[in-house]
Amino acid sequence: MTTTQSSPTAAGSGSSATEAFRAGRAATPGAPAVPPERVSAVVSSLLAGIHRTIRTESVTYDEFQAAKQYLIDVGEGGEWPLLLDVFVEHVVEEVAAADQDGTKGSILGPYYLPGQARSTSPATLPQRADEQGTKLVFSGQVRGTDGEPLPGAEIDIWQADDQGYYSGFAPHLPDGNLRGVVVADGQGRFEIHTVEPAPYQIPTDGPTGTLIEAAGWHPWRPAHLHLLVRAPGYRTVTTQLYFRGGEWLDSDVASATKPELVLDPVDAGDGTCTVEYDFTLEPA
Ligand code: MBD
Ligand code: FE
């Protein structure tokens, strides 16, 4: 890998996700240790699933050694957060969502970075002077599940650019590009000016991409906005919003789309698209 590349590679985005994950863990100390009974129950069940797969698929020694090599490569390539968020997180989210009311959630993914620039609504996300892409005005209201507006709710938003790249994980993008925390007004209303993101392609030159190709799958996620919507006293919603008619909407490699999370922007006539979406949070 050279250091002069101008587009994300596995090493430039997948492994940066490992650094971001470690930094996030370090910033939130005191996470409770998983108790021994849970370790035993979950790991036993996981191993039973692996043992069953070996029997039903008659996995050979060659395949077992290839799997070992693969797992070593994922770690060395720093792609555990990427691989796990693409193939596993959607089920963790499904289980977590079972007891959450309000706006549907979706996975966090590997590219969230905390502590971005805060601004009050109406806000324009930090972007380059010549940021490419269809301009998008995204507005709405944050309310509680019983309908009350939530003044000062925060919309922590991050997204890929018009080429599908995330700042902080692609060396050619300025830090903080198309990321921000927007504070809603006294009625919980927000208006965010940004650009439409492009679909996201899992880096094809790292272990996650290697697996996808070896299996004959495709490496794409549909275009999406990532959001953490929070308000004091309410349970934070982690979600994503997609775009009606967008490519890969029905075959997201990360299995993270939901019909309730699809936006339908309209062209305001001047090349700017506008869309409204309201969020509902349940009391914590
Ligand atoms: C992404 O942009 C993403 O949202 C997920 C879940 C996984 C990989 C890249
Ligand atoms: Fe994403």
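Read the numbers this way: they start at 1 and go in the same order the structure lists the ligands and their atoms.
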Would you say [Y] and [X] are linked by a side-chain donor-acceptor pair, where the criterion is simply a distance under 3.5 Å?
{"X": "R221", "Y": "Y242", "result": "yes"}
{"X": "Q187", "Y": "R189", "result": "no"}
{"X": "D156", "Y": "Y112", "result": "yes"}

Exercise. Side chain or backbone of L108 under 4.0 Å from ligand 1, or both, or neither, by non-hydrogen atoms?
Worked result: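 The answer is neither; L108 stays 4.0 Å or more away.
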Exercise. Between H224 and ligand 1, which residue portion shows a heavy-atom distance shorter than 4.0 Å: side chain, backbone, both, or neither?
Worked result: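 H224 to ligand 1: side-chain contact only, backbone stays beyond 4.0 Å.
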Below 4.0 angstrom from a heavy atom of [X], which ligand 1 atoms are there? Numbered from 1 as shown, please.
{"X": "I107", "answer": "6 (C)"}
{"X": "G109", "answer": "6 (C)"}
{"X": "V86", "answer": "7 (C), 8 (C)"}
{"X": "L82", "answer": "8 (C)"}

For this session: Can you label the angle between the F279 ring and the F138 ring as parallel, tilted or perpendicular, going by 30° and 60°?
Result: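 F279 vs F138 ring planes: perpendicular.
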For this session: Determine the interplanar angle of the W220 and W248 rings, folded into 0 to 90°, and report it as parallel if under 30°, tilted if 30 to 60°, perpendicular if over 60°.
Result: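 Answer is parallel, since the angle falls under 30°.
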Problem set entry | side-chain contact (heavy atoms from CB on, under 4.5 Å) between L228 and W158, intermediate numbers included | CA-CA 9 Å; L228 286 168; W158 69 106; 4.0 Å; yes
Problem set entry | Salt-bridge criterion met for E19 and R22 (N-O under 4.0 Å) |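 Between R22 and E19 there is no salt bridge, as every charged N stays at least 4.0 Å from the carboxylate O atoms.
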Problem set entry | Pairwise distance CG(L227) to CD(Q159) - rounded to 0.5 angstrom |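 These two atoms lie 9.5 Å from each other.
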Problem set entry | Heavy-atom neighbours of R25 CZ exceed 12 at 6.0 Å |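 Atom CZ in R25 is not packed in, count stays at 12 or less.
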Exercise. Got a sec: does the NZ of K258 have more than 12 other heavy atoms crowding it under 6.0 Å?
Worked result: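 Yes.
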Exercise. What do you reckon, does A256 put a non-hydrogen atom under 4.0 Å from ligand 1?
Worked result: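 In this structure, A256 fails to qualify as a contact of ligand 1 - no heavy atom is under 4.0 Å.
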Exercise. Going by heavy atoms, is H226 under 4.0 Å from ligand 1?
Worked result: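 So H226 counts as touching ligand 1.
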Exercise. How far is atom 9 (C) of ligand 1 from its nearest protein heavy atom, and which residue and atom name does that atom have?
Worked result: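 For atom 9 (C) of ligand 1, the nearest protein heavy atom comes out as Y200 CE2, 3.2 Å.
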Exercise. Considering only protein heavy atoms, which is closest to atom 3 (C) of ligand 1, and at what distance to one decimal place?
Worked result: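 Nearest neighbour among protein heavy atoms for atom 3 (C) of ligand 1, to 0.1 Å: R221 NH1, 3.5 Å.
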For this session: Looking only at distances, please establish whether an N/O atom of ligand 1 is found under 3.5 Å from an N/O atom of Y166.
Result: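 Yes; at least one N/O pair falls below 3.5 Å.
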Exercise. Are R230 and V181 close enough, and set up right, to give a side-chain contact (heavy atoms from CB on, under 4.5 Å), and what steps lead you there?
Worked result: CA-CA 10 Å; R230 47 184 173 247; V181 179; 4.2 Å; yes
For this session: Take Y111 and L82, measure what side-chain contact (heavy atoms from CB on, under 4.5 Å) needs, and give me the verdict at the end.
Result: CA-CA 9 Å; Y111 297 144; L82 178 65; 3.8 Å; yes
For this session: Select the closest option to atom 5 (C) of ligand 1 among P110, S255, G164, judged by heavy-atom distance.
Result: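 When every heavy atom of P110, S255, G164 is considered, P110 comes closest to atom 5 (C) of ligand 1.
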Exercise. What is the number of protein N/O/S atoms located under 2.8 Å from the Fe ion (ligand 2)?
Worked result: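 Considering protein N, O and S only, the Fe ion (ligand 2) has 3 within range.
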